[in-house]
Amino acid sequence: MDKPRIAVFSGPRSTIANSPTLVTGNKGRLPHERTLPGRYDHLVPQLLHEPAVVRISKYSAHPLEEDSAAIYHQDGNDYYEVELRPEDGPYPLPYVARRANGSGQGQPFEESDLFDRDLGYGGRQFFYPDASRMFAEIDRTIPGRDESGEGSVLDRRADFDFIRVLPPGGYTGKGEKSGVDYFPYRPLAIRRSPRYRDLAKATNAVRAAMDSGNYAGGIWLEGSPTVEETIYWLSLLIDTDLTLAGCASQRTHGQLANDGDRNIVDAVDLIASGLGDGIGAVGVQDERIYAAREFKKADDRPGNYKATGGHGGILGTVGPPVTIWYKPAYRHTARSDVNLSRLPESVEFDDYSDGGATVRVPVKDNNGALLEEAIPRVHIVKYGAYMDEDETASPDNEVDIMARIAKGLREQSSGDPDSPKLHGFVLEGSSPYGLGSMSQHSALEVATFSGMPVTRVGRADPGGRVPSCWDDVTIAGSNLDCNKARLLLMATMLKLGRLPKARDPRNPTRAERAATVARVAQFQEIFENH
C-alpha cells in the first residue's frame with residue numbers, strides 16, 4: 001500500500017522544533033577548563049565525516065542480555081563489528097566543537113553564552129529551520145523507539161514534505177533576517193514575533209498545499225502558547241476536508257521527557273487513519289484530539305492543554321486506535337462561511353450610515369490568495385474591577401482605546417494602499433456578560449460609530465455564552481475566549497467589511513444607531529455559527 005504524503009509546516013517560536021543548547025562536552029575541553037559534572041559525557045546527534053568500523057561489546061544493550069546468552073548466536077568473538085557510515089544519518093556522539101575567541105585553541109561553548117550581550121547572546125540558533133532534521137532524529141530512534149522496539153516510526157507511516165512558512169530558525173548566512181524570515185523566542189533578548197501580515201502568508205501557504213492534491217493532510221508546528229490561535233484561524237479560512245493538525249511541545253526536542261515528538265507521531269497516525277477528515281482543524285496533544293475552536297494551553301507541562309468554553313471540545317483520542325468520539329456542530333474549514341473560497345475578492349460597504357461614498361477594500365489577489373495588507377487590525381481591551389478613573393464614564397479616560405480609534409481613522413482615510421482599512425476591538429469583560437467599565441463602554445461605543453466593530457467576551461476561559469443585549473451595538477462573542485474572538489472578528493471583517501460610521505461618533509442619531517444595529521446583526525450571525 002502506498003504511504004500517504006503529509007505537508008509539515010514550520011510555524012513561529014516553536015518549542016517542538018527546538019533543541020537544547022549545544023554545550024561543549026568534556027571530551028572537547030582542555031585540562032584547565034571547567035569540567036561538566038556527572039559520570040558521563042553528554043552526547044549530541046551528529047553525522048560521521050567518514051565511515052568508521054566500531055566494535056560493540058556483546059550483551060551490553062540490556063543488563064539481562066548475558067543472562068540469556070544461551071539463545072544468542074555465537075561467533076567466537078566478545079564483540080560485534082559493524083561499519084557506520086555518514087549516510088546512516090545522525091548518531092549520538094560527543095560534542096567537541098569550541099567557540100572561536102582569537103586564540104589558537106578557542107573556548108568551550110556554554111549555556112551562559114545565551115545571556116552574554118558581548119557574545120551576541122551566543123550567536124547561534126537552536127531552532128530547526130524546518131522539521132526535516134527533527135524527523136530524521138525521531139526515525140533514528142534518538143529520542144526513543146516505538147512500542148514494538150523498532151525505529152523509523154515516521155518513515156514507516158508516511159512520506160513528508162517540509163514547508164517553511166514562518167519558521168523559528170533561519171539561514172542568516174543566506175540573508176534571512178530574524179523577525180522577517182524567521183521567528184525564534186530564545187535567547188529571550190533576541191526573540192521575535194510574527195506580524196499581522198504574516199497571518200496572510202501562513203494562510204496562503206497552507207491553502208496552496210491543501211489545494212494541491214498532493215497531500216493526505218497537514219501538520220502545523222508552532223509555539224505552545226500560540227498554536228491554538230493559528231490553528232483556529234486556519235479552521236476558519238482553509239477550505240478543505242483534509243485533516244489539519246496543530247502540534248506543539250512543552251519541552252524541546254532532545255530534552256528529557258519531551259512530549260513533542262510523540263505529538264507529531266500521533267498527528268501522523270490521525271492523518272493516515274482518514275478519521276480526521278471532515279472534522280476541521282484540530283490540536284493533537286497528549287494523545288487527545290481537540291477541536292481548534294476550544295483548544296487552549298493551560299500550563300507549560302505535558303498534559304496541560306484543555307478545552308475551553310465549558311461545553312466540550314475534545315473530539316477524540318489517538319489511542320491506539322485513533323477514535324473520533326464527537327464531531328463539532330459549528331462551521332469550520334470547508335463549511336466555514338469565512339473560508340477563502342467564500343471571501344470576496346474585494347469587500348464593499350457604506351462609509352457612513354446616511355449614504356454617500358462606498359468603500360472598497362481588496363481582500364484577495366487574482367490567484368485567490370489572501371492579501372497581506374487586507375488583514376484587519378483588532379485590538380484587545382481587558383476589564384478588571386476598580387479600573388474607573390472617576391465617576392464620569394468619560395470615553396476620554398480610556399486613552400489607549402481613544403488612541404487606537406484615532407490611529408484607525410487615520411489609516412482608514414490614508415491613500416496608502418498598504419495602510420490597513422479594517423479595524424475592530426474585543427472587550428474581555430466580566431463573565432458571562434462580557435461587560436467592562438462604563439468608561440470602556442463609552443470609548444468602545446465611539447469606536448463602533450467610527451466604523452470599528454466591537455466584540456464582547458467573558459474573561460479568561462468562559463464557561464458559557466455571552467448574552468446578547470437588545471438594541472446593543474456590540475457583537476456577543478458566544479463562549480469564545482478573547483484571542484479566538486479576535487481571530488473570528490478579523491475573518492468576519494474580511495467578508496463583511498466594517499461598520500458604517502456616524503457623522504459624530506460621540507453623538508450618533510437614532511437613524512445611525514438603527515443602521516449600525518442592523519449591520520451588527522450580520523456579524524452576530526457569523527459569530528453564532530463559528
Side-chain angles (χ1 to χ4, degrees), residues 4-19 45 89-90 124-139 154-155 158-186 190-227 229-231 233-234 237-238 240 242-249 252-254 260-261 263-264 267-268 271 281 284 340 365 367 369-372 375:
R5 181 167 291 275
I6 296 172
V8 182
F9 305 98
S10 292
R13 299 167 59 145
S14 42
T15 300
I16 197 170
N18 191 12
S19 67
R124 298 185 294 170
Q125 302 174 63
F126 305 106
F127 289 94
Y128 294 91
D130 63 39
S132 57
R133 174 61 181 263
M134 178 172 57
F135 275 46
E137 291 180 5
I138 294 172
D139 274 339
L154 291 169
D155 180 66
D159 294 319
F160 304 95
D161 287 338
F162 301 98
I163 302 173
R164 301 182 71 221
V165 185
L166 306 173
Y171 297 97
T172 58
K174 298 179 180 179
E176 291 189 352
K177 296 181 179 179
S178 181
V180 176
D181 303 299
Y182 67 98
F183 303 89
Y185 71 77
R186 188 172 185 263
I190 56 174
R191 67 190 185 276
R192 294 292 184 272
S193 299
R195 306 149 297 178
Y196 272 97
R197 63 173 56 250
D198 296 316
L199 194 55
K201 183 178 180 180
T203 305
N204 295 332
V206 174
R207 172 218 177 212
M210 295 300 98
D211 284 354
S212 69
N214 297 330
Y215 302 109
I219 299 174
W220 179 270
L221 307 177
E222 188 172 337
S224 57
T226 55
V227 64
E229 295 177 56
T230 304
I231 205 68
W233 174 263
L234 296 175
L237 271 289
I238 303 302
T240 185
L242 299 177
T243 303
L244 185 59
C247 291
S249 181
T252 58
H253 171 76
D261 296 341
N263 291 333
I264 290 171
V268 172
I271 293 170
V284 177
L340 273 174
D365 65 18
N367 296 317
L370 187 60
L371 295 172
E372 293 181 355
I375 298 294

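Quick caveat: nothing in here was measured; it's all calculated off a predicted structure.
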Trainee: Using the benzene-type ring in the case of Trp, are the ring centres of Y182 and Y171 under 6.0 Å apart?
Mentor: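 That pair fails the under 6.0 Å test.
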Trainee: My understanding is that only residues two or more places apart in sequence, or in another chain, count here; which of them pass ring-ring contact (aromatic ring centres under 6.0 Å, His included) with Y215?
Mentor: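 Checked Y215 against ring-ring contact (aromatic ring centres under 6.0 Å, His included); zero matches.
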Trainee: T203: what forms a side-chain hydrogen bond (donor to acceptor under 3.5 Å, both in side chains) with it, not counting sequence neighbours?
Mentor: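 Per chain and number, T203 pairs via side-chain hydrogen bond (donor to acceptor under 3.5 Å, both in side chains) with W233.
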Trainee: Taking N367 for the side chain and A369 for the main chain, is one N or O donor matched with an acceptor at less than 3.5 Å?
Mentor: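 Looks like no, no N/O pair under 3.5 Å.
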Trainee: Which residue pairs pass the salt bridge (Lys or Arg N to Asp or Glu O under 4.0 Å) test when at least one of the two sits in residues 173-185, sequence neighbours left out?
Mentor: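 Qualifying pairs, neighbours excluded: R164-E176.
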Trainee: So C247 and I16, side chain to side chain contact (heavy atoms under 4.5 Å, CB included) or not? Walk me through it.
Mentor: CA-CA 8 Å; C247 291; I16 197 170; 3.9 Å; yes
Trainee: Going by salt bridge (Lys or Arg N to Asp or Glu O under 4.0 Å), name the residues that satisfy it together with R133, two or more places apart in sequence or in a different chain.
Mentor: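 Listed in chain order: E137.
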Trainee: Report the residues that fulfil salt bridge (Lys or Arg N to Asp or Glu O under 4.0 Å) with D365, sequence neighbours left out, ordered by chain and then residue number.
Mentor: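 If we apply the salt bridge (Lys or Arg N to Asp or Glu O under 4.0 Å) test to D365, skipping adjacent residues, there are no hits.
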Trainee: Has the side chain of N204 got a donor or acceptor atom that lies under 3.5 Å from a matching backbone atom of L370?
Mentor: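 Confirmed, N204 side chain pairs with L370 backbone.
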Trainee: Nearest heavy-atom pair of W220 and A202: which atoms, and what distance?
Mentor: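 Reported closest heavy-atom pair: CH2-CB, 3.7 Å.
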Trainee: For the atom pair CG (L237) and CG (L199), what is the distance rounded to the nearest 0.5 Å?
Mentor: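 Nearest 0.5 Å value for the CG-CG distance: 7.0 Å.
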Trainee: Nearest 0.5 Å, please: how far is CZ in F127 from CG in N18?
Mentor: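 The CZ atom of F127 is 4.0 Å from CG of N18, to the nearest 0.5 Å.
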Trainee: Show your working on side chain to side chain contact (heavy atoms under 4.5 Å, CB included) between L221 and I264 and close with a plain yes or no.
Mentor: CA-CA 9 Å; L221 307 177; I264 290 171; 4.2 Å; yes
Trainee: Got a sec, which residues hit salt bridge (Lys or Arg N to Asp or Glu O under 4.0 Å) with R191, two or more places apart in sequence or on another chain?
Mentor: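 If we apply the salt bridge (Lys or Arg N to Asp or Glu O under 4.0 Å) test to R191, skipping adjacent residues, there are no hits.
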Trainee: For V227 and A248, work out which heavy atoms get closest and say how close.
Mentor: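 Distance-wise, the nearest heavy atoms are CG1-CB, 3.9 Å.
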Trainee: Between atom CG of L242 and atom CG of D211, what is the distance when rounded to the nearest 0.5 Å?
Mentor: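 L242 atom CG to D211 atom CG measures 9.0 Å (nearest 0.5 Å).
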Trainee: Restricting to ring-ring contact (aromatic ring centres under 6.0 Å, His included), what partner residues turn up for F160, sequence neighbours left out?
Mentor: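 Partners of F160 by the ring-ring contact (aromatic ring centres under 6.0 Å, His included) criterion, ordered by chain and then number, come out as F135.
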Trainee: Looking at every non-hydrogen atom in both residues, tell me the closest pair between G11 and P168 and how far apart they are.
Mentor: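 So the minimum-distance heavy-atom pair works out to O-CD, 3.2 Å.
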Trainee: How about Y128 and S14: does a side-chain donor come under 3.5 Å of a side-chain acceptor?
Mentor: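 No, no side-chain donor-acceptor contact under 3.5 Å.
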Trainee: State which residues pass side-chain hydrogen bond (donor to acceptor under 3.5 Å, both in side chains) with D261; sequence neighbours excluded, sorted by chain then number.
Mentor: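 Here the qualifying residues are H253, N258.
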Trainee: What distance do T243 atom OG1 and I6 atom CD1 have between them, rounded to the nearest 0.5 Å?
Mentor: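 It comes to 9.0 Å.
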Trainee: Please report the closest heavy-atom contact between A267 and I219, naming both atoms and the distance.
Mentor: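 Minimum heavy-atom contact is CB-CD1, 3.9 Å.
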Trainee: About how many Å separate CE of M210 and CG of L340, when rounded to the nearest 0.5 Å?
Mentor: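 Answer for the CG-CE pair, L340 versus M210, is 13.5 Å.
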Trainee: Can you name the side-chain hydrogen bond (donor to acceptor under 3.5 Å, both in side chains) partners of D159, sequence neighbours left out?
Mentor: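 side-chain hydrogen bond (donor to acceptor under 3.5 Å, both in side chains) check on D159 returns K3.
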Trainee: If I take atom CZ from residue R13 and atom CZ from residue R186, how far apart are they, to the nearest 0.5 angstrom?
Mentor: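 Here the interatomic distance stands at 14.0 Å.
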Trainee: Holding to side chain to side chain contact (heavy atoms under 4.5 Å, CB included), I want the full list of residues that pass it with E229, two or more places apart in sequence or in another chain.
Mentor: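 E229 satisfies side chain to side chain contact (heavy atoms under 4.5 Å, CB included) with T226, N483, R486, L487 only.
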Trainee: Where do P167 and P129 come nearest, in terms of heavy atoms and distance?
Mentor: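 Minimum heavy-atom contact is CB-O, 3.4 Å.
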Trainee: List for me each residue that meets side-chain hydrogen bond (donor to acceptor under 3.5 Å, both in side chains) alongside R207, sequence neighbours excluded, and say none if there are none.
Mentor: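 Residues passing side-chain hydrogen bond (donor to acceptor under 3.5 Å, both in side chains) with R207: none at all.
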Trainee: Over all heavy atoms of both residues, which pair between I271 and G218 is shortest? Give the atoms and the distance, please.
Mentor: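 Answer, listing the atom of I271 first, then G218: CD1-O, 3.6 Å.
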Trainee: Is the backbone of F162 close enough, under 3.5 Å, to the side chain of D130 for a donor and an acceptor to pair up by distance?
Mentor: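 Between the backbone of F162 and the side chain of D130 there is no qualifying donor-acceptor contact (under 3.5 Å).
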Trainee: With sequence neighbours left out, write down each residue that passes salt bridge (Lys or Arg N to Asp or Glu O under 4.0 Å) with D198, or none if nothing qualifies.
Mentor: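 For D198 the salt bridge (Lys or Arg N to Asp or Glu O under 4.0 Å) partners, ignoring immediate neighbours, are R195.
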